[in-house]
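Whatever order the structure lists them in is the order used to number ligands and atoms, beginning at 1. All values derive from a computational prediction rather than experimental measurement. By convention here, the first residue in the shown sequence is residue 1.
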Amino acid sequence: MKSSEMKRIVILISGRGSNMQSLLEGVASGVLNVGVAAVISNRPQAGGLAIATAQGIPTRVIDHQQFVSREAFDTALAAVIDEFSPDLVVLAGFMRILSDDFVRHFDGRLINIHPSLLPSFPGLHTHRRALEEGVKVHGCTVHFVTPTLDHGPIIVQAVVPVFDEDDEDRLAARVLAQEHQIYPLAVGWFVNNQLRIVDGRVVFDGAHRFSEALISPQGR
Ligand code: GRF
């Protein structure tokens, strides 16, 4: 594919950026045929910014604390994203609730990764809550974003076992390893036009098989 035809993504982060890094590694290794137009953080101290800069990716900081309202921040954020004309906006640990207008503006080209098997455990502290509930499987989800928090058409999920001796950190690490597997997969399917939304659900096209969208339980 010529670079002029290559799809472009913008990645939004708030912190360490390990999911962003998994995407950059996918691009660097040639597995993911996409251009990373920019990495944008709402936090100046986000560790992921240095990782992106070291790999030559343009970065921007739009500090939410400098704005008087959620709407003002979201408007500024959308304007900066639009400067890069992305085909897809990828939320990778972006810890902001987004306004309805923002979500509508990027409708169908805004995806998120969440550390639970949605629709279970939307919101924060997913691993702690999974342990408290005693669930036997847990995992992570990549989904299109809708105005409802941690909700939207599901693209791919990975499942991990929950062990009796788990604590929050062990379970989080097991899930995070799977996040790093499924986010590049989902972005690749999107940019290769292998999925679409039908009646609020993701369906896969062509030779791509639904079974690939479930990553089965891994061992310890
Ligand atoms: C990940 O667990 C992601 O699912 C959640 O926030 C965390 C971000 O981690 N939304 P990182 O910044 O990608 O390392």
Atom pairs and distances, ligand 1 N/O vs protein N/O under 3.5 Å:
{"from": "ligand 1", "atom 1": "2 (O)", "to": "E179", "atom 2": "OE1", "distance (Å)": "3.2"}
{"from": "ligand 1", "atom 1": "2 (O)", "to": "E179", "atom 2": "OE2", "distance (Å)": "3.0"}
{"from": "ligand 1", "atom 1": "4 (O)", "to": "E179", "atom 2": "OE1", "distance (Å)": "2.6"}
{"from": "ligand 1", "atom 1": "4 (O)", "to": "E179", "atom 2": "OE2", "distance (Å)": "3.4"}
{"from": "ligand 1", "atom 1": "9 (O)", "to": "R16", "atom 2": "NE", "distance (Å)": "3.4"}
{"from": "ligand 1", "atom 1": "9 (O)", "to": "R16", "atom 2": "NH2", "distance (Å)": "3.3"}
{"from": "ligand 1", "atom 1": "10 (N)", "to": "I113", "atom 2": "O", "distance (Å)": "3.3"}
{"from": "ligand 1", "atom 1": "12 (O)", "to": "G17", "atom 2": "N", "distance (Å)": "2.9"}
{"from": "ligand 1", "atom 1": "13 (O)", "to": "S18", "atom 2": "N", "distance (Å)": "3.4"}
{"from": "ligand 1", "atom 1": "13 (O)", "to": "N19", "atom 2": "N", "distance (Å)": "2.9"}
{"from": "ligand 1", "atom 1": "13 (O)", "to": "N19", "atom 2": "ND2", "distance (Å)": "3.0"}
{"from": "ligand 1", "atom 1": "14 (O)", "to": "R16", "atom 2": "NE", "distance (Å)": "2.4"}
{"from": "ligand 1", "atom 1": "14 (O)", "to": "S18", "atom 2": "N", "distance (Å)": "2.8"}
{"from": "ligand 1", "atom 1": "14 (O)", "to": "S18", "atom 2": "OG", "distance (Å)": "2.5"}

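Put simply, the side chain of L98 reaches to within 4.5 Å of the side chain of F94, judged on heavy atoms.
By the salt bridge (charged side-chain N to carboxylate O under 4.0 Å, His left out) test, D166 pairs with R170, R174, sequence neighbours left out. When the side chain to side chain contact (heavy atoms under 4.5 Å, CB included) test is applied to Q66, the partners found at least two apart in sequence or on another chain are D63.
Pairs engaging residues 114-125 under the side chain to side chain donor-acceptor pair (under 3.5 Å) rule: H114-S116, H114-D150, H125-R128 [sequence neighbours left out].
Under a 3.5 Å cut-off, the side chain of H143 and the backbone N or O of H151 do form a donor-acceptor pair.
With hydrogens and angles left out, the side-chain atoms of T141 and Q157 include a donor and acceptor closer than 3.5 Å.
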